[in-house]
Each structure stands twice: as structure tokens, then as C-alpha cells.
Amino acid sequence: MICARNVYHSNLSSRYLKEPDAFHMKCSVGLSWVTFNLIVLLWGRAAGIETCTEGAAFSVPGQVVQLGTNVTVYCTFKKSTNGCRTAIYQDSNEIHDRHQYNSSTIYLEIANLQKHKVAFACKTECNSFSRLICGIDIKAGYPPDPPQNLTCTQNGQLGDVTCTWDKGRKPYIKTSFHLRMKNKTHDLNGICDDPGSGSVSFHTLNAESVYTVWVTSSNALGSASSPPLNITLNDIVKPHPPVITLFNCASSDCTLHWEAAQNCQLLEVRDQPLSHSTWKHHTLNVTVDRFILPGLQPFTDYQFQVRCKLSHTKGMWSEWSEPFTNRTPEAVPIKELDIWFVMETPDPNSLTLKLSQSEARGQILGYKVTSPFPCKDKIPVVLPDSENHLTVTSSHCNLTLSAYNSRGNSPPTNISIPFQTGFPAPGNVTCVRHSNDSIVVKWRPPVNTALALQGYVVEWSPTQDKLDLGWTRLPHDKLSTVISAMKPYACYKVTVNALYDEGVGKAGFVHAYVKQLAPTEGPTPSIKHMSSTMVTVHWQQLPVEHRKGCISNYSIYLKSLNSAILLVHGLIDASHTNYTINGLKPGATYQAWMTASTAAGEGPKREFEFTVTPEENPLVLSLTGAALIFFLVWLALVCICCNSAVNQRMTLLCSRFTPQWYTGHVPDPANCKWAQEYAAVKGQMKLVYDLHLSDSLSSCDEPDTLEVEEVSEESDSAPEDLVSDNGTGAPAEEKQAGKPTMLPWCRPEDLAIYKHHLPGAYIQSVSQESDTSVQTPESCNTEITVDYIPSNVLHMGSSEEETCDFFDDFAPPFPRSPFSKPEGTLTLDAVKINCSSFLD
């Protein structure tokens, strides 16, 4: 480098000697250039120089420096820079904090250089045009560390010798390694320039010679050597690994067969269950080609490896053979079932028993269940292996359970139902993430309890499947545990149970996870209830695949279409599936959306829209209600009037509260048949009847209740007021001719006196089938047949003339019940009607 600098200086001097007639500016530049070369000569090897046609760039202390060193970069320009600005760029960025050394040189100071490679450029800028004059790259790194752990091995008894070492920290600059192997007669050299390698191989060596080996590393910042290593081939030979040829296993041990390996005298075997991370080692002298590995677990997948060594004192261990995997056979279960329970319902007697498959020593084919004391519900005798839980709803029950595989049954386990709960429980249960697939559960012991604490049971299950239960039993003095093999993006429920001789104290559930994201979907809302100022929003829990962890809360956002104000109803508890929003505007339409959140963030929104029910006018409601009530009353009356018996009752009831002149014409008693017949005999009847009729009408508008008296046929005497059917008073000779006659005491004048009490017709009919009566002086009794009064007496009349309508209008029917229509006929021997009440 110094030679190059001197040559450059000589050429520069001769160039300026050939131009003695240059003008003054060129002379000043030349003097500056001479000054630059003097500086280079003074700094000598401490500077790194890059020369260019129109200038030069160099750095102090050099182009390769140690990280953290202070560096100064110089730029010198050969030609005049009059009217142009000079600049220094670092990695394409102009550095304004540069200094002027003289008219042709500028420099930049960099303190504590921390970049491994930096590029500097010297430029001139004239009229917004930038021109590159020269540049320099500076590299920074470390001097090499002394190589460590130098080892040399011979691959097989006839193989090459390979030496390896550790290079130390990364130097960040080009570093070479030089290995030397020397004995009394030979001096071998090996060079490794590959920065990613740390080994050198030699082909032929003397097996009986002792060699000294060392490694020297060097770069631009320095060099270092490893400690010397003395070796012989017998010390460094490494046999080839053995080959496993046969493997025979029983339930608790395996016999290993291998192929003889290069006269090895030592053999090492290691085994490891596939579910574990630690190996178990066995070392033995090689006298045979087989080995029995004891202490294995039945029905367990193992992997095995072997390696060998030439002797106890010579050579090295070979590499491990390729792993060999095999499963040990099944064995009879020797441990009782580990049983725990899950509360299926709030009923403490409804339990699910979970049967763990640990210590099964084989493939569980099923479970046998017996009940020494019969349970109320039917218990299956055998459970298949796919159903490792049992639901019992009996209030009191004793069960015996055992598992079986192809080799036999496990010892029986006795349980009594119900499990006693409600005892003091652990407190302050917390779950903290431990790794990518495990959590740490911590708790505090129960307080204020005089019961003997036997231990704890920590249980966990996914929130969506409480029957996928896991648990572990711990002693009473342990207050934390690690739960492994937990799935990412899943939410678990964890609790801790305190075990006593009398029962169990169960703490509340806490949620746990090992890794979670924001939900990938929003809940689907629906409107179930609505009024003029509120709505109730319902939704269902998110599907498990979209939760991505433990849902912490829900949020509802809504905005009226006529307003820009956003209403937020947030932090709704994750256990809720409905929420009521109050204070809405009647009849307004709202645009809304709903989201779900985890601790990792808020998920996407699910939009929906609804219109609030308009507010109703109270007057309209009142009129509508009144109209509805009127319609119902009218409908009820129509239905009642459709019944004929009720219709007659209602007609009669209404007639009692209305005047006779309104309900119909009042019949004239003079038109009655008996009155006409009587008037034909006694002409004075009309005057008397009219007189009393006018009194009756003047004193009584409506009739009172009529009294009807029935007289037995066996009576020896007829009632005093009994009259004959025709009431004509014909002489005895007419009676003898087959016509009824008046009894001796039934005189016309008496009859007239009696008849004047009747405001209406007095009807009496004698059967046409009656024979002639026998007349006695003492009574009016005669053997006559009195006809019946028909059931439709209210509507009876003559087709030719009006007869006794007055009585029909006022006489009530004779039904058998208050609302039943009369049926059949009523036969009366005699009728006595007291009409005095009509005239009172």
C-alpha cells in the first residue's frame, strides 16, 4: 500500500512539472494537491486511500476499522471548484456537518462507528447538477477470537481425519483460518477461507505417530491461535454406528439384536417413550449380539438407539444409530380408575363420571358397572370405550366401576352418590400463560376450616364441551400447577377443588387461553321485543371456530338515519344473549351493528336495521276500545237471542216494563166466547162487565201473577167457583139431551157476580167426549172431563174470532226449567183463577 502511494506521488509531481506556464489558479490547486500528498506521507499506513481521475477520498484510521472507532473521511478535488459547491454523502444522504480543510479538501468526522459497512461519496454541485468525483467504502468489525474446542476425529479405522473448532464471535469482516498439523517428520497445513465452515480434512496419516495440531485465525484487524492439541489415530478414531437388526418386546421388557460393529468392546443403548423428552441410558460390554432392556411400560411407544466404542481407553463413541420405534404389548391394569365428576345440571344428584385412561396398560375396551344396592335409574352393565362417562340421576346410589382390556380387569373402584359439595373452597384462582401450549394455575388454600384437607383436583375443559374434561390430583401442600397440551385459539374453563374426607369444596370457574386473536365474525342479532321507545336485541353465542379465544364482551352501535350521533352500548357481558336499548325516538329508523371482542381486539361488525314502533294516540285507543266493547256486547246479545226459550223469556221480561198499548192491542173481553154465550141468556151482563172492566183498566195497567189450582178427580165436591164448560145455564132438559147444565148452586147471578172480577176471559172447556153429568142438589160436582191447557197458551187463538187474548198476554208459560221450552200437555180436572189482584 505504501508503495502504491509513493508511485502515485511521483506521477503527480512529474505531471505538474510538465506544465510550468499554467495560470495562477492551477498553481494554487497544484500546491493544494502537493499538500494533500504530504498529508498522506505523514499518515502513511494509517490511512486508506481511493484515488480517482478528478480527486481522491481517504479515511483515518483506514478503510477497515473496529466497531465503535472514531473515523475521519477526507475528500480532495484536483480541479478548481470555483462556482461549485463541494459535498460529502454517506449512503446517498448528504452530510451537512462537514468541515473545510483547505480550498481543495473537505473532511467529515464520525464518532463511534456502529455500522458494519458505510459508503462515502465526494461530489460537486454546479447549477443544480451533481457530479461524482470519488468515493470510499469503510468496513467495521472485530478482530478474530482464538479458536476453541479443537477436535480431530477419524471416521472409521481407515477413514480421513477431520478437525473442527469453534470460531468464536462473528467478526463481520473477512477472516481466514489456518490449521497446522505437525509431527517429527511432517508439517501439514490446511487453510479454511469459508466463513461458514470450521473444519479441515487430511487423507493419510501415520497411525503410530503423535501429532500436534493448532488453528490460527486472522483478518485485517488482527490474528489469534488456538491452544495446541496432541493426538494419535488410536485416540481419535470413531467407529461407524451399529445397525439394529431385530427387536422383540414383552409387556415390560424388550430384547435388542444388532450387527457386530468393527470390533467394538463397549455398547450403549438408550430408550425413550415417544411422549417424553428424556432418555434412559444402558452401557454394557459387548460379549454377545443381544441385550434385554428392562423396566419398560406396557402398551407404550418407545424409540431405541445404540452406539459403540473400540475400548474403554481408546477411540471415541460412534454416532447414534437411526432410531428404531416399537410398541410394548398390553398388560392387565393394576391401578384403580381415576374418577372425577362434572355437574351436568343445577341438580347436585345429576352427575357425570369421567374415567381417566391413565395406568390402563393397554387399549381400554370398555367399563364394567355394578350396583351392590340397586339404583332407581337403570345403570348399564357395560360401557363401550367410546363412552367414558356415566350419568347418574338417582338421589342415592352406590356403584362399583372397573376398566378392562384384552388382558383383564382393573381393580374395582367404589363410589357413593351423591357427592357431597359445599365445603370450603380454594380462593383467588388465577391462570397465566406459561408457553405456547401451557398455562400456570395458582390458588390460595381454603380459609377458616377445621376440616382435614386431603389435596386438590385441578380440572379444565373447553367452554363448548364440558365433557371433554381433564384433571390432575395434587397434594395439599401444593398451590400451583402447569397444564400442558392446550390448543391455541381455544377458551378453557379452569377451576380448583379442595378434597376432604367428607366431600368437595369447588371454586368458581375462570377462563384461560394460551393464544387468541380477535373474533373473525360478529354475532347475528335479531329484534324480539319493541315498543315506541325501546327494543330488545337477541343473539346467539358465536360458533367456536369464529371466537378465536375467550369472548370478553359484546358491543352494539346504532345511529338514526336522521342524525349523525353514534350511540354506543358497549362492554355487554359475554354471558348475556340479549340487551335492551331504551330512550329511542318513536317511529325512527336506526342503522345498527354489533361486534364481539376478546382480549386481543374487537371483531368485525354484523349490521342490521330496525324501525321503532310509532307512538299511538290515546284518543284513538279509547275509541277503539269502546267500539270493541260495544261489538262484543252486541255479539253476546245476538247469541243469547238465538235461543228460542231465552227469546221467550226476554220477550216476557221486556213486556213487564212497557205499557200494554205499546206492546200490542188490548183484547176486548166482550169478544170472548163465554161472555157472548152468557150475554145471550142474561142481557144484564154487558152493563156489569163494562162497569167493572172500566174499573179494572183504570186501576191496573198490567196483570199480576196468576194462580192456578189443580183439584183431584176423586174430590167429592167441586170448588165453589167451578162453572160448566159452556157457561150458558141451559135448563135440565137440555142437559139431559147431552148438553152440559149448570149445577143448582151455580146461578147466573152468582156467576155474574164472580165473573165481574175477571178483566179478561175465563177459559174453560169441556171435553166433547164427556157423557151427561149427574146433578145433585148439594153440589156442582159432575163427571166431566176438563180439557188441558196447551203449552203455547200465549199464542192460542181462534181462527174466526178473537178469544181470551188478554189472559194469553199475561199468563206465563209453564216450562220445566227457567230456560227450557215446555213439552207435552198438562191435564187439569178443574181450574180456579183468582183475578182479584188484577182489580186491586
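This one's a predicted model, so the numbers in the text were calculated from it and none came from an experiment.
For Tyr579 and Trp539, the ring centers sit 6.0 Å or farther from each other.
Counted by atom type alone, Thr216 and Ser225 present one or more donor-acceptor pairs between their side chains at under 3.5 Å. When only modelled atom types and interatomic distance are considered, Thr105 and Thr76 share a side-chain donor-acceptor pair under 3.5 Å. Counted by atom type alone, Gln114 and Asn112 present one or more donor-acceptor pairs between their side chains at under 3.5 Å. The closest side-chain donor-acceptor pair between Thr164 and Thr151 falls under 3.5 angstrom. One side chain, Ser575 or Asp573, offers a donor N or O that lies under 3.5 Å from an acceptor on the other. A donor-acceptor pair shorter than 3.5 Å can be found between the side chains of Glu602 and Thr595. Side-chain contact annotation: Asp437 with Ser435, donor-acceptor N/O pair under 3.5 Å present.
The side-chain heavy atoms of Tyr557 and Leu566, taken from C-beta on, include a pair separated by under 4.5 Å.
Between Tyr107 and Tyr101, the two ring planes are perpendicular [angle over 60°; tilted spans 30° to 60°]. The aromatic rings of His116 and Tyr172 sit parallel to each other, their planes meeting at less than 30°, with 60° as the upper class boundary. The aromatic rings of Trp320 and His281 sit tilted, their planes meeting at an angle between 30° and 60°.
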From CA spacing to verdict: side-chain contact (heavy atoms from CB on, under 4.5 Å), Ile572, Asn553: CA-CA 5 Å; Ile572 304 172; Asn553 64 274; 5.7 Å; no

